[in-house]
Protein chains: 2
Amino acid sequence: MSAVTIRDVAKRAKVGIGTVSRVLNNHPSVHMETRQRVLEAIEELDYAPNPIARQLSLGRTNTISVTLPFLTFPSFVERLRGVQSALAESGHQLILYSVQTAEHRDRHLEQLMRQVRPDGILILSIPLFDDHVHRLKERGIPTVLVDVDIPHAHRVYTDDFQGGYLATQHLLDLGHTRIACLSDILDTELSFVTTRLRYQGYCQALEDCGITPRPAYHIEDHHGRAEARAMAHTVLALDEPPTAIFACSDTQAIGVLDAAADLGLSIPDELSVMGYDNIRDAEYLNISTINQPLFESGFEGAQLLLSLIAHPDDDIHDIALDLTLIQRGTTAPLRASANNRTI
Amino acid sequence: MSAVTIRDVAKRAKVGIGTVSRVLNNHPSVHMETRQRVLEAIEELDYAPNPIARQLSLGRTNTISVTLPFLTFPSFVERLRGVQSALAESGHQLILYSVQTAEHRDRHLEQLMRQVRPDGILILSIPLFDDHVHRLKERGIPTVLVDVDIPHAHRVYTDDFQGGYLATQHLLDLGHTRIACLSDILDTELSFVTTRLRYQGYCQALEDCGITPRPAYHIEDHHGRAEARAMAHTVLALDEPPTAIFACSDTQAIGVLDAAADLGLSIPDELSVMGYDNIRDAEYLNISTINQPLFESGFEGAQLLLSLIAHPDDDIHDIALDLTLIQRGTTAPLRASANNRTI
DNA sequence: CTGTTAGCGCATTCAC
DNA sequence: GTGAATGCGCTAACAG
């Protein structure tokens, strides 16, 4: 056990513990000579300061908490990687939390602020209300939101409305007019607001093109490949099936591909499929999608948090990252054959 | 700020701080009445004990460190999920660390033991030497290794040798004899020993079948889809190309599929491909593979660690988890056409 | 049962 | 420059 304390070092170096503390913290006011003696004693005793004691004395915990809906979606993993990368050399511990339900989230945030008291709080992809942010602010712990749609808070985000718009616009540009949209369930308490925005962007793009979104062309269900497959089947079984489908995530786009395979529909000739996120699977499967800077969002968020810890009273940082359209093999110009196809 | 301390509570409840501490820790010896008064004071002041002070006093940090080669491989993510799940309700903080190089690993472990001093150490998929384990033992911090090939340490693992054997056996059973193996580079300092074991299992399976492994049929390169694609091209360009390929990971198997597509080889008719890990992509792409309980390994490892923290002097726990063969669409019986194919 | 005291290990005043 | 003393907030051992 490393039961060796600062006192042992002081005794061995024949100095006071104050002096040891000073060399530990690189205080200038200490003689070269005594500093040397202390350093030797530290070396000989293989001493390392106890971080807990240090934290208590300093009033800092030296930790940063990261809360996310754990690793249920691949996109969260990428964001977490970015965070880890930014924090690696900062000297801060990364404490990981996962919340799955709205109630769990509230309980967790309360615990975080009152009990854990990290130096900084990072929240990834968890829907919050203004009230949460207010309470966070009250506590005075620097907080950064990543991929959370709350204004007037330090955050790093992408414009999901624009993303949905971009995706739909791409399909419109290809000549499609019968465009369906598959999304998560939009009204859950812990629903990802981002999905809703993507859907709204989809609607807006259609309207800007003079097309009224058809209710039958929008289906929502729990997030998942299998669910998306079922949704695709439903929408493709309509009297007038869509010629293009915008899935609000790549995972769901994969489900659409499943359904297309079930029906023997050739992609993209008979059906164009658009995803969102640009997760690795999308690249593997050559799916057209919207790329959002996942790793970077985590990285930037963590960096922002670190700077806030250093300068707590900075103005609100509202960092928007760019989205880009990535056209791959699942989207193509509308063909007459597809347009006339009914089931 | 939650500057309210135990002293404030004591004052308000008109008791000593000792009493407050007692109700905080559910000590039996305290009058119902005074306990009530204290609880009220706590409520009114919205008091929460400072965990740092508590830790310093108790000598415990209430944290568990988890070290892994971050989220470079999908399999690590699954393991981490298992860990998180097991730790969620344990009251321990999960501190996340990532190491990429051997030197980094050594530095990290040293820091972990001397400075961070978590209550327990969990190491996932990072190759260690006996020396590391010895030092870990010296420090007396309970440690559990997951997916690390070190005997005489608490660990949760799968038998990668057997896995490689199983995979190869499957191909042999299908009638293949010209079976290639693509692996990571086996001699890096931080190479994943597990890969080497898979390769050795491959060799053994061949030999048990009276087949001498051909050097040309084993290629190694850095882990990755693109690298695997190139390796596959190399091996498929041999005068006598293999009719089946065992890729030591699903990611690499995907690269093999890429190469097959490049060459217009139909899978599995003209080439059987076997993966390893059963990551989600393998399911998406319908790849035959070896399933190892990833989530479970993390879960079991964390549980073991928690029990070790409670009972530090337990005998060595050496938990082996089962591997299973999952046959999907990329492996099929050898056909004459494939066997005669040369390039 | 309960109030008081003495640490936990370190940083940070103070005097010297 | 340096040593001794005080406090960070809490637990535990000690007397009442």
Side-chain angles (χ1 to χ4, degrees), chain A residues 1-42 45-63 91 113-119 139-140, chain B residues 1-42 45-63 91 113-119:
Chain A
M1 280 303 257
S2 188
V4 39
T5 79
I6 197 174
R7 221 171 300 274
D8 301 320
V9 176
K11 203 170 297 173
R12 179 164 191 112
K14 298 188 192 313
V15 298
I17 66 171
T19 303
V20 178
S21 177
R22 257 157 248 165
V23 329
L24 246 39
N25 297 285
N26 288 317
H27 260 283
S29 57
V30 46
H31 250 295
M32 266 287 281
E33 200 173 308
T34 58
R35 171 187 298 276
Q36 199 54 43
R37 267 218 319 286
V38 172
L39 287 176
E40 279 169 17
I42 288 177
L45 268 45
D46 189 33
Y47 164 78
N50 180 324
I52 302 292
R54 193 184 168 80
Q55 288 164 27
L56 179 59
S57 189
L58 255 33
R60 292 185 287 105
T61 59
N62 227 48
T63 61
M113 295 184 297
R114 305 181 62 233
Q115 297 189 26
V116 182
R117 305 179 200 179
D119 290 348
R139 291 287 176 170
Chain B
M1 279 303 259
S2 186
V4 40
T5 77
I6 197 174
R7 222 172 299 273
D8 301 319
V9 176
K11 204 169 297 172
R12 177 162 193 116
K14 299 191 194 311
V15 297
I17 65 171
T19 303
V20 177
S21 177
R22 269 176 286 249
V23 329
L24 247 39
N25 297 286
N26 288 317
H27 260 281
S29 54
V30 46
H31 249 295
M32 267 285 281
E33 200 173 309
T34 57
R35 171 187 298 275
Q36 199 54 43
R37 269 220 317 287
V38 172
L39 287 176
E40 278 169 19
I42 289 178
L45 267 46
D46 189 35
Y47 165 76
N50 181 324
I52 302 291
R54 193 185 167 79
Q55 288 164 28
L56 180 58
S57 190
L58 254 34
R60 290 186 287 107
T61 59
N62 227 47
T63 61
M113 296 184 296
R114 304 181 63 233
Q115 299 190 25
V116 183
R117 304 178 203 179
D119 290 347

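The analysis underlying the following values was restricted to heavy atoms, covering all of them including side chains, and did not include hydrogens, waters or symmetry mates. Letters A, B, ... mirror the listed sequences (proteins, then strands); counts begin at 1.
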### Message
Quick one, B:V30 and B:V38 - any side-chain contact, counting heavy atoms below 4.5 Å?
### Response
no
### Task
Encode nucleotides 8-16 of chain D as B, S and - characters from 5' to 3', where the letter depends on protein heavy atoms closer than 4.0 Å: B to the base, S only to sugar-phosphate, - to neither.
BBBBBB---
### Query
Hey, what bend do you get for the helix from C:dC1-D:dG16 to C:dC16-D:dG1 if you fit axes on five pairs at each end, rounded to 10°?
50°
### Query
Would you say A:T19 reaches D:dT2's phosphate, i.e. side-chain N/O to OP1/OP2 under 4.0 Å?
no
### Message
Are more than 12 heavy atoms, taken from residues, nucleotides or ligands other than A:R37, located less than 6.0 Å from that residue's CZ atom?
### Response
yes
### Message
With side-chain contact (heavy atoms from CB on, under 4.5 Å) as the test, pick out the partner of B:I52 among A:N62, A:L58, A:I52, A:V116.
### Response
A:I52
### Query
Do any N or O atoms from the side chain of A:N25 and from the backbone of A:H27 form a donor-acceptor pair under 3.5 angstrom?
no
### Query
So do B:N26 and B:R35 actually touch side chain to side chain, heavy atoms under 4.5 Å?
yes
### Task
Look only at the side chain of B:R114 and the backbone of A:Y47, and say whether a donor-acceptor pair between them is shorter than 3.5 Å.
yes
### Message
Looking at B:N50 and B:T5, would you say the former's side chain and the latter's main chain have a donor-acceptor pair under 3.5 Å?
### Response
no
### Message
How long is the straight-line distance from CZ of B:R117 back to CG of B:D119, given to the nearest 0.5 Å?
### Response
12.5 Å
### Summary
Rounded to whole Å, NZ of A:K11 lies from P of D:dA4 at a distance of 12 Å
